[in-house]
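Contents: one structure, followed by commentary.
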Protein chains: 2
Amino acid sequence: MTELTANGGPTARERLLDAAVEAFAEKGFAATTTRDIASRAGMSPAAVYVHHDSKESLLYRVSLDGHTHALRIITEAAATTDSPTERVRQMVHDFSLWHADHSRVGRIVQYEYHALTDEHRAEIGTYRRKIEQTMQNALTEGVDQGVLAVDDIPGTAFALLSLGIDLVRWFEPGGSWTGEGLADLHARLAVRMTSA
Amino acid sequence: MTELTANGGPTARERLLDAAVEAFAEKGFAATTTRDIASRAGMSPAAVYVHHDSKESLLYRVSLDGHTHALRIITEAAATTDSPTERVRQMVHDFSLWHADHSRVGRIVQYEYHALTDEHRAEIGTYRRKIEQTMQNALTEGVDQGVLAVDDIPGTAFALLSLGIDLVRWFEPGGSWTGEGLADLHARLAVRMTSA
DNA sequence: GTCTATAAATTGATAGAC
DNA sequence: GTCTATCAATTTATAGAC
């Protein structure tokens, strides 16, 4: 999304990544052919391999960018306030909103984890654990200050993240739900789930 | 699971279905080969087609059985009590427990929906809507009686179901979580999310 | 950096012997 | 109802011309 050609349009490498996101989200990684990706990018099948090493390396790049972005969203949300209640509200809100606003990338991030190579899966796994740890830390601080009541911190952290993650399974932009509406709902539910 | 041979063991058809569950849950539908399924069932590649029409018909059978089972679980949970609060607690508990106890089937049910044929997907979709409607009905009755406080009933119903559904993404039997522990946690969170 | 052409392997499914 | 053998199509990836 950052590279630009002289005429201001996306590079061929970027167009292929965007096409891969479309295809992987729509049909899944294994059911997507490199021909499909090339065709969506308006190129021949061979052009894929000029810009990317393999089909899996396209998945790795999409997955890495997605995890990096999601981690940044939740980390920044955690830093917006000193109030643990408001912090949890903001984290759940922004995490759910990101998944709604990036539901195609989110679907790839969440559902194609197993399709990565062992090495790539191990690397991506560190991002997942950081996201989980960030949520657990917010709950722990709230409990320590006495403003949150959470008896199972890891389990509740998983549950709060599940609200955002699971929406990529069914959310479609332009449907009867807006990302903001869902994010607000999840944020309110999160406060009820955790406040003392 | 119900057919038996003269010696009491599962039929070849059943063994192939069990093998398909294993393989689809582990690698995904598209990445699973019919050779893999046959091999897990201890049979030749051709034997698959003596007992099943196609790879997709195996997925349809697994998906139909899974959805039927999940709908029965949540319907029976809804009928165990007249108290709306206890009803929601029981529904969330049993729905999450079923997903933990059947996490492989649950993964197929939830993640391979798009791999079904159009006709099969339409049929399975009716089960999904019944599950969602059952949860919405429980919330509506509790709000009408004044014992639950839920301002977005469809959204909250989705969120309650998400707790169970999303655990199939990461839950593994024998890990640090038990199904009962998760189900209890989700049930308690559900009460906090909905009680007046 | 793009293309056409194709290699090399794998796939879902079938034929036909036993 | 099981097998071996195989078909026909499709797949990822590469070779080589422009």
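What you see is a predicted model; the values in this text were computed from it and never measured. Every chain is numbered from 1, with letters handed out A, B, ... down the list of sequences.
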**Q.** Interatomic distance where CG belongs to A:L16 and C1' belongs to D:dA13 [whole Å]
**A.** 15 Å
Q. What residue pairs, at least two apart or across chains, pass ring pair (Phe, Tyr, Trp, His ring centres under 6.0 Å) with a residue in residues 56-76 of chain B?
A. B:Y60-B:H120, B:H69-B:W98, B:H69-B:H102
Q) Is the closest basic N to carboxylate O distance between B:E172 and B:R107 below 4.0 Å? A) yes
**Q.** DNA chain C-proximal residues of residues 54-63 of chain B, any heavy atom under 4.0 Å
**A.** B:S54, B:K55
Q) Checking all strands, does A:T11 fall into the base, sugar-phosphate, or nothing category for heavy-atom contacts under 4.0 angstrom? A) nothing
Q: Decide, yes or no, whether a salt bridge links A:R188 with B:D151 under the criterion of side-chain N to carboxylate O below 4.0 Å.
A: yes
**Q.** Whole-Å gap separating P (D:dT14) and NE2 (A:H52)
**A.** 15 Å
Q. Nearest-Å distance, CG (B:D36) to P (C:dA13)?
A. 15 Å
Q) Is A:R89 salt-bridged to A:E86, going by a charged N under 4.0 Å from an acidic O? A) yes
Q: Can you run down the ring pair (Phe, Tyr, Trp, His ring centres under 6.0 Å) pairs that involve residues 70-96 of chain B, sequence neighbours left out, and say none if there aren't any?
A: B:F95-B:H99
Q: For A:Y111, check ring-ring contact (aromatic ring centres under 6.0 Å, His included) against everything at least two apart and list the hits.
A: B:Y111
Q) For A:A31 and A:D53, take the nucleotide of DNA chain D holding the closest heavy atom to each; which residue's nucleotide lies nearer the 5' end? A) A:A31
Side-chain polar contacts of residues 70-78 of chain B - donor-acceptor pairs under 3.5 angstrom, sequence neighbours left out - could you list them?
{"residue": "B:T75", "atom": "OG1", "partner": "B:L71", "partner atom": "O", "Å": "2.7"}

Q) Separation of B:H51 atom NE2 from C:dT14 atom C1', in whole Å? A) 15 Å
Q) Given side chains that start at C-beta, do those of B:E123 and B:L64 come closer than 4.5 Å, heavy atoms only? A) yes
(Q) Counting only heavy atoms and a strict 4.0 angstrom limit, can you tell me which residues of residues 39-50 of chain B come near DNA chain C? (A) B:A46, B:Y49
(Q) Rounded to whole Å, how long is the line connecting atom CZ of B:R13 with atom P of D:dG1? (A) 12 Å
**Q.** Shortest non-hydrogen contact between A:A157 and A:L139, atoms and distance
**A.** N-CD1, 3.7 Å
Q | Distance in angstrom units between B:R35 CZ and D:dC7 C1', rounded | A | 11 Å
